[in-house]
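Here's the structure we're looking at; comments come further down.
These numbers come from the heavy atoms of this one structure, side chains and all, not from hydrogens, waters or symmetry mates.
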Amino acid sequence: MYAAIVFLPLIGAALAGLLGRWLGHKGAQAATCLPLIASAVLAWIALFGVVGTEEHVSVLLFTWIDSGAFEATWALRVDALTAVMLVVVTTVSALVHVYSIGYMHGDPGVPRFFAYLSLFTFSMLMLVTADNLLQLFFGWEGVGLCSYLLIGFWYKKPEANAAAIKAFLVNRVGDFGFALGIVGVFLVFGSIDLDTIFDAAPDAAGTTIRFLGAEVDTLTTLCLLLFMGAMGKSAQLGLHTWLPDAMEGPTPVSALIHAATMVTAGVFMVARLSPLFEYAPTALDVVAFVGASTAFFAATVGLVQNDIKRVIAYSTCSQLGYMFFALGVSAYGAGIFHLFTHAFFKALLFLGSGSVIHALHGEQDMRNMGGLRKVIPVTYALMWIGSLALAGVPFFAGYFSKDIILEAAFGADTSIGLYAFWLGIASAVMTAFYSWRLLFMTFHGTFRGDHHKLEHAHESPPVMLVPLFVLAAGAIAGGYLGVPMVEEPEHFWGPALLVLPGHDVLEAAHHVPLWVKILPIAAGLIGIAVAYWFYIANPAVPRALAARFGALYRFLLNKWYFDELYEAVFVRKAKALGFGLWKSGDGAVIDGLGPDGISAMTLNLAQRSKRLQSGYLYHYAFAMLIGVAALVTWYIVYGAG
């Protein structure tokens, strides 16, 4: 069964990718959607069969590499953590596949698109079922490749190509650290097998290794290198710049990348390696600090974005920050719980925004929207459900998972935990604000865009709405389904997650003061109230504030100028170096002394020799005499001896 869950999407990808020309659009859609639906059903069956078991299931497929001391098998590791991820990935992916039938209708590249989607899903499934770090790296790079293909799917658009390259390159920065971490793990433990590493981790605690000329703590260094990869994949502060640009891909791609696959890979990886991170408290503090800072940063930027998909993209970045600071305070179960609920309501919001874009024939700027609740009322209601879950309003899914993270951060009773808690509260206010800003600007007031588009606006077809209803059910009920992840963590997770004695913050979270439990709810309600005041009661206020605090507004609108900073520090210098090597190195030296130089010299000699071909007999006789004289001279000097 486990092999079927993983390989059914690969079969669909192969059929659509290799035979798409013969299958046609409908055939390619059927060849990918049906295996994904079957995979999702099997994943839910697997979840209920695995939860609460004391040992993980390992399905050995074959020996992949056997070279000297290095051995890597290809096996499927299934435990409670894997089972949760299988459900998230296959369910959201199956719904995205079905939704795409309507959204991509009429696009000439339908078979290619569905092949990429299924290959993306297969890569993520390989990642979450990995039994060793090399297999995990295979899936890790697979989702990176597929994200490049899907973000740049409309390759005739320069913006799409640029966004795809940016995502690929930024992730290579993180993946460089990740690869170093894997190599370091092998050098320290002599293996990349997860069980072997986990068994040996306690003995490595407190030891040191030499790295970059300094004596450093072994596990802290390894965990920070591995976390560098997570920062790239999960768009944490510093390596987040690719995420909003990924919106250049089709909207179903945005939902798949931002809800269920690529961006959750880093969260899963840190949770999977909890037996390493638990013995590296400094690394955990870094994870919590980066996560909390990312949650706050992305929320501030989301306040002022005007592209409907970019608002939700920054929301994803912020929510990933919550997941990471939960992991950083050892609340692994809470982090994965939020990953689980977030997948449903974030996919709902992305696909709901796709329904809006579909209705307005490609319009994405919220300043050109308004009053759409009467035109697309079903989408409007579904977007409300997603926003309520995102804002953590009782008793939607986000209320359960986000609140337990904040309570765990406070319950950790550390300086980094309090830092995460207060930034998380501030982010909760801003999350509710920008969520209702999106709702009010899009669906309320009067329409501000091209009225020709409004005349032709219509509700999405059933093939797009049915997946939204399923996701809405998850946004409502997902919290109730996942409560055992944090209420009974030992029973639910079994050996899948390790929490050392003294790090049990989930237990401490249940005993925090009442005001800590109430504050996240109040934060969400305050954000909603302010958004109502700004965009319904007194719409002149946002413009007045933007004018009065122009510098701050531009700072947030330009995303804290990270792109401009990287452009000045890295991109321009890299371009200058590349241009110099091209002109001076490749052009002047290699080509100049190589093929271009030889051909130029040959041409020059030919031009000179051409002058001898004058047609006059005495010129030829003179040349013959010169030749005879040269031969005689050579013979006298060299031949006679």
Side-chain angles (χ1 to χ4, degrees), residues 244 247 296 298-315 318 348-350 352-393 426-457 459 521-560:
M247 298 302 99
F296 180 80
T300 63
V301 177
L303 295 174
V304 297
Q305 297 301 304
N306 296 309
D307 185 304
I308 188 171
K309 287 171 63 178
R310 284 180 182 261
V311 174
I312 305 173
Y314 277 107
S315 170
S318 183
L348 173 61
L349 288 171
F350 265 117
S353 70
S355 184
V356 173
I357 295 166
H358 183 265
L360 294 179
H361 306 282
E363 181 61 68
Q364 294 184 200
D365 193 327
M366 295 187 299
R367 292 170 296 185
N368 297 327
M369 299 179 187
L372 295 179
R373 69 184 188 279
K374 296 179 181 178
V375 181
I376 45 175
V378 177
T379 299
Y380 172 59
L382 292 167
M383 290 288 281
W384 259 88
I385 294 173
S387 298
L388 288 167
L390 174 60
V393 174
S427 303
V429 176
M430 292 184 283
T431 298
F433 174 84
Y434 64 63
S435 297
W436 263 259
R437 175 178 178 264
L438 184 152
L439 285 173
F440 294 147
M441 289 184 68
T442 303
F443 296 101
H444 290 258
T446 57
F447 187 75
R448 300 176 296 276
D450 184 351
H451 283 271
H452 180 71
K453 291 183 177 181
L454 182 63
E455 292 170 2
H456 294 85
E459 192 63 85
I521 302 172
L525 296 177
I526 289 169
I528 294 170
V530 174
Y532 179 83
W533 180 41
F534 275 24
Y535 294 96
I536 299 296
N538 196 349
V541 171
R543 289 190 293 271
L545 285 176
R548 184 174 181 181
F549 301 100
L552 177 61
Y553 176 74
R554 288 190 296 273
F555 180 71
L556 298 180
L557 189 64
N558 288 286
K559 302 155 287 189
W560 290 27

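- We find the CG-CG distance between Asn368 and Asp450 to be 8.5 Å, quoted to the nearest 0.5 Å.
- Nearest heavy atom pair, residue Leu556 against residue Gln305, reads O-NE2, 3.8 Å.
- Residue pairs meeting the salt bridge (charged side-chain N to carboxylate O under 4.0 Å, His left out) criterion with at least one partner in residues 354-370, sequence neighbours excluded, are Glu363-Lys453, Asp365-Arg367.
- Phe433 pairs by the ring pair (Phe, Tyr, Trp, His ring centres under 6.0 Å) definition with Phe534, not counting sequence neighbours.
- Annotation: ring pair (Phe, Tyr, Trp, His ring centres under 6.0 Å) contacts of Phe296 (sequence neighbours excluded): none.
- Under the side chain to side chain contact (heavy atoms under 4.5 Å, CB included) criterion, Ala299 pairs with Ser318, Ser427, Met430, Tyr434, not counting sequence neighbours.
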What pairs of donor and acceptor atoms, side-chain ones from residues 370-381 against any protein atom, are under 3.5 angstrom apart with sequence neighbours left out?
from   : atom 1 : to     : atom 2 : distance (Å)
Arg373 : NH1    : Phe443 : O      : 3.4
Thr379 : OG1    : Ser355 : OG     : 2.8
Thr379 : OG1    : Glu459 : OE2    : 2.5
Tyr380 : OH     : Trp384 : NE1    : 3.0
Tyr380 : OH     : His444 : NE2    : 2.7

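- Judged as a side-chain hydrogen bond (donor to acceptor under 3.5 Å, both in side chains), the pairs with a partner in residues 534-550 (not counting sequence neighbours) are, in order, Arg437-Tyr535.
- Here Leu388 contributes atom CG and Met383 contributes atom CE; the two are 11.5 Å apart, rounded to the nearest 0.5 Å.
- Side chains of Lys309 and Ile357 form a contact here, defined as non-hydrogen atoms less than 4.5 Å apart.
- Between atom CG of residue Leu557 and atom CG of residue Asn306 there is a gap of 6.5 Å, rounded to the nearest 0.5 Å.
- Not counting sequence neighbours, the partners of Ala537 by the side chain to side chain contact (heavy atoms under 4.5 Å, CB included) test are Tyr532, Trp533.
- In terms of the ring pair (Phe, Tyr, Trp, His ring centres under 6.0 Å) criterion, residue partners of His456 (sequence neighbours excluded) are, by chain and number, His452.
- Considering only residues two or more places apart in sequence or on other chains, Asp307 meets the salt bridge (charged side-chain N to carboxylate O under 4.0 Å, His left out) condition with none of them.
- Scored by the side chain to side chain contact (heavy atoms under 4.5 Å, CB included) test, Ser435 finds Ser387, Leu390, Thr431 as partners (sequence neighbours excluded).
- Interatomic distance, CE of Met247 versus OH of Tyr314, reported as 10.0 Å (0.5 Å rounding).
- Residues passing the side chain to side chain donor-acceptor pair (under 3.5 Å) test with Trp560, sequence neighbours excluded: Thr300.
- Partners of Arg554 by side chain to side chain contact (heavy atoms under 4.5 Å, CB included), not counting sequence neighbours, listed by chain and number: Ala551, Asn558, Tyr561.
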